[in-house]
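Note sheet for the following structure.
Both ligands and their constituent atoms are indexed starting at 1 by order of listing.
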Amino acid sequence: MKAVGITPRKPHTARLVELPEPKVGEVPNGRGVKVKILKVGVDGTDKELHLGEYGAPPPGYDFLVTGHECFGQVVEVGPKVKEFKRGDFVVPTVRRPGGSLFDTIGTYDMTSEETYYERGINLRHGYLTEYFVDDPEYLVKVPKGLQHIAILLEPMSICIKGILQAYEINRRLKVWKPSRVAVMGAGPIGLLTALAYRIRNLETVVFGVEKRPYRNAELLDEIGATYYSVQDRPLAEEVKKNGPFDMVFEATGFSPVVFDAMSALAKNGALILSSVTGGHRKCEVEADRLNIEFVLGNKVMFGTVNAHRGYFEEGLKDFAMSEAAYPGWLTKLLSHPVDGLENWKEQIRILFEIKDCTKAYLNVAQPEA
Ligand code: BGC
Ligand code: ZN
């Protein structure tokens with residue numbers, strides 16, 4: 001079968017490669033599920049992969065099949081699979097377990113090992129191909145009524161993990177009722193995070209670089225979030241005017257923003273860091289002030305990467321809520337579809353050239369009835 005592969009750590013090496021079609025028997029104990037790939041999305045991580053800044057091939061290969069945002073349909077199950085049947089819609093998770101305690105209890109997104117395995121990113125082939133076979137543990141069933149937006153579930157799982165872990169961490173407070181939250185960045189992760197906050201009925205302010213007219217700002221209007229361009233109203237100014245934030249979700253990909261966000265936190269507040277910044281940027285900070293504010297205000301800042309299946313399942317609930325509260329809104333994020341695996345080059349072009357793109361995805365195949 002055909003797949004799109006790259007040579008990781010070398011810029012712009014994408015090409016068509018051949019892989020044998022996988023068989024359900026490849027997963028031990030009759031637990032294999034064969035999935036036909038229907039859609040594959042791309043994001044900033046794919047950009048870094050194409051630029052040669054990130055990623056590694058699986059052992060024994062000189063290429064990595066890319067694609068970690070996937071939606072597919074079950075075509076065959078092994079004899080011991082009870083959870084799925086032919087025709088079911090699924091979204092696969094990205095991480096695969098290593099050997100730490102966290103990996104063995106299903107929280108492979110929290111591995112304490114240096115090496116991590118991520119399909120389409122690091123040491124495991126991804127989904128930009130025709131079929132894959134996996135264990136049911138890594139497949140999340142998507143109800144028919146949400147199949148049209150399921151390609152957004154992997155990025156949504158990242159947002160949900162960050163938010164739910166903030167609540168989990170702040171159980172230390174006995175009572176924590178955040179009311180005002182900020183999102184740094186109005187890209188796909190920023191938009192999905194804002195949605196998750198609005199579904200939780202939080203006053204949500206999103207900061208981005210672009211000035212209006214800006215499509216993402218209009219999308220935020222539709223869900224009752226406030227958008228500010230930092231060119232008109234920087235974060236610090238908003239804090240001065242309307243007060244600090246109980247939670248700040250950082251999703252700009254620009255690490256200096258982290259230190260501004262630290263200053264924007266209310267007492268007992270939580271700062272969620274989600275940007276994967278592969279570079280070597282340096283900046284000067286007011287260390288004493290930032291430190292004392294954190295100490296005297298009992299604040300927390302934590303990093304969050306990837307997501308295990310529980311957060312994908314929670315993300316589906318948010319999608320259902322979103323369709324009820326803001327019908328059709330998520331569909332508007334699906335801005336740049338491309339039809340056919342053979343047109344993979346066009347998807348990469350969109351990824352690099354289109355500024356207003358909220359999601360570029362490839363329609364690899366059509367679902368069966
Ligand atoms: C993916 C995550 C992954 C992270 C770091 C993101 O783009 O969505 O699944 O953990 O990159 O590799
Ligand atoms: Zn991603």
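With Arg95 contributing its side chain and Tyr108 its backbone, the two residues share a donor-acceptor pair below 3.5 Å.
Not less than 6.0 angstrom separates the ring centroid of Tyr138 from the ring centroid of His308.
Among heteroatoms of the N, O or S kind in Asp43, OD2 lies nearest the Zn ion (ligand 2). Residue His68 approaches the Zn ion (ligand 2) most closely through its N/O/S atom NE2.
In this structure, atom 5 (C) of ligand 1 lies nearest to the protein heavy atom Tyr54 OH, 3.2 Å. The nearest heavy-atom contact from the protein to atom 8 (O) of ligand 1 is Glu154 OE2, 2.7 Å. Distance from atom 7 (O) of ligand 1 to its nearest protein heavy atom, with residue and atom name: Thr45 OG1, 2.4 Å.
Seen from the ring of Tyr117, Arg96 does not count as a face-on cation partner, given the 6.0 Å and 45° thresholds. Cation-pi contact between Arg180 and Phe245: present, with separation from the ring centre below 6.0 Å and deviation from the ring axis of at most 45°.
Inter-residue side-chain proximity for Lys299 and Leu271 is flagged as unmet; no heavy-atom pair is nearer than 4.5 Å. Thr204 is not listed as a side-chain neighbour of Thr226, based on a closest heavy-atom distance of 4.5 Å or more.
In Gln366, the CD atom is not crowded: 12 or fewer heavy atoms of neighbouring residues, nucleotides or ligands sit closer than 6.0 Å.
Contacts between Asp109 and ligand 1, counted as non-hydrogen atom pairs separated by less than 4.0 Å, are absent for every part of the residue. The backbone and the side chain of Asn306 each have at least one atom closer than 4.0 Å to an atom of ligand 1 (non-hydrogen atoms only).
For atom 4 (C) of ligand 1, the candidate residues are Glu118, Glu48, His68, Arg119; the nearest heavy-atom contact is made by Glu118.
Between the Zn ion (ligand 2) and Glu154 there is no N/O/S contact shorter than 2.8 Å.
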